[in-house]
Amino acid sequence: MARPRLILLGLLLLHGAARLAAADLKPADVEFFESRIRPVLVAECYECHDAKKQKGDLRLDYRDGLLKGGEEGAAIVPGDARKSFLIQSMDHSHETLQMPKKRPKLDAKIVADFVEWVNRGAPDPRVKAPEDSITP
């Protein structure tokens with residue numbers, strides 16, 4: 001009987017931590033994410049990295065998906081854009097990962113926005129994995 005209670009307690013703690021993390025976001029960080037980061041993720045990344053499809057075992061449609069990463073490891077290292085595979089693939093500095101695949105390199109301003117976002121700590125209000133992402 002104690003084991004189910006421990007599991008329930010653990011789930012409640014995780015849920016509370018996720019809510020707290022979302023509550024700690026600064027409005028300016030949420031605005032930056034919603035106006036400059038999410039639209040690019042939806043337009044350029046969700047086609048291959050969302051709830052429906054996870055190439056390289058990578059999901060980019062919620063925060064923990066970015067942190068967990070895929071076959072290459074974590075997609076982002078909050079606070080350090082240089083160590084983030086997502087940035088390396090976007091600016092084509094990674095030797096094998098260059099995204100978006102089979103399309104032109106993203107505009108330098110877009111990459112700079114992602115660098116700024118990751119260096120800010122990658123604030124992301126998407127704490128829960130969506131069952132179905134919105135793809136264009």
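Residue numbers run from 1 in the order of the sequence given. When reading the values below, keep in mind they use all heavy atoms of this one structure, side chains included, and skip hydrogens, waters and symmetry mates.
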* Trace of the side chain to side chain contact (heavy atoms under 4.5 Å, CB included) decision for K105 with Q98 -> CA-CA 8 Å; K105 185 175 168 181; Q98 297 180 349; over 6 Å; no
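- The main-chain N or O of D61 is never found under 3.5 Å from a side-chain atom of H49 such that the two would form a donor-acceptor pair.
- Under a 4.0 Å N-O distance rule, the pair E116/K109 does not qualify as a salt bridge.
- In this structure the side chain of L60 reaches within 4.5 angstrom of the side chain of L58, judged on heavy atoms.
- A 4.5 Å side-chain heavy-atom check between R120 and D29 finds at least one atom pair inside the cut-off.
- In this structure, I76 and A122 approach most closely via the heavy-atom pair CD1-CB, 3.5 Å.
- Between F114 and L86, some side-chain heavy-atom pair lies under the 4.5 Å cut-off.
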* To do: Test salt bridge (charged side-chain N to carboxylate O under 4.0 Å, His left out) on R82 and D80 and set out the steps.
  => CA-CA 6 Å; R82 293 175 311 185; D80 195 343; 3.7 Å; yes
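- Under the 4.5 Å side-chain heavy-atom criterion for ILVMFWY residues, a single connected hydrophobic cluster contains both L67 and V115.
- The residues K26 and E31 are annotated as not salt-bridged, no charged nitrogen and carboxylate oxygen being separated by less than 4.0 angstrom.
- Side-chain contact between I110 and M90 is present, with at least one heavy-atom pair separated by less than 4.5 Å.
- A donor-acceptor pair is defined here as one N or O able to donate and one able to accept, closer than 3.5 Å; no such pair exists between the side chain of D57 and the backbone of E71.
- Proximity of a side-chain donor or acceptor of D113 to a complementary backbone N or O of R36 within less than 3.5 Å is not detected.
- P78 places a side-chain heavy atom less than 4.5 Å from the side chain of R63.
- In this structure, the side chains of P123 and V30 stay at 4.5 Å or more apart for every pair of heavy atoms.
- Partners of F32 according to the ring-ring contact (aromatic ring centres under 6.0 Å, His included) rule, which considers only residues two or more places apart in sequence or in another chain, do not exist here.
- Judged by distance alone, the side chain of S93 and the main-chain N or O of S89 form no donor-acceptor pair under 3.5 Å.
- Between atom CD of residue E131 and atom NZ of residue K128 there is a gap of 6.5 Å, rounded to the nearest 0.5 Å.
- Partners of F33 by ring-ring contact (aromatic ring centres under 6.0 Å, His included), not counting sequence neighbours, listed by chain and number: W117.
- Transitive grouping of hydrophobic side chains (ILVMFWY, heavy atoms separated by less than 4.5 Å) brings L66 and V111 into a common cluster.
- Considering only residues two or more places apart in sequence or on other chains, H92 meets the side chain to side chain donor-acceptor pair (under 3.5 Å) condition with none of them.
- Counting only heavy atoms from C-beta outward, the side chains of I87 and V118 approach each other to under 4.5 Å.
- One hydrophobic cluster, built from ILVMFWY side chains closer than 4.5 Å, cannot hold both L106 and F85; they sit in different ones.
- Residues forming a side chain to side chain contact (heavy atoms under 4.5 Å, CB included) with Q54 (at least two apart in sequence, or on another chain): R59.
- Under the rule for a side chain to side chain donor-acceptor pair (under 3.5 Å), the partners of E34 that lie at least two apart in sequence or sit in another chain are R38.
- R126 pairs by the side chain to side chain donor-acceptor pair (under 3.5 Å) definition with Y46, D124, not counting sequence neighbours.
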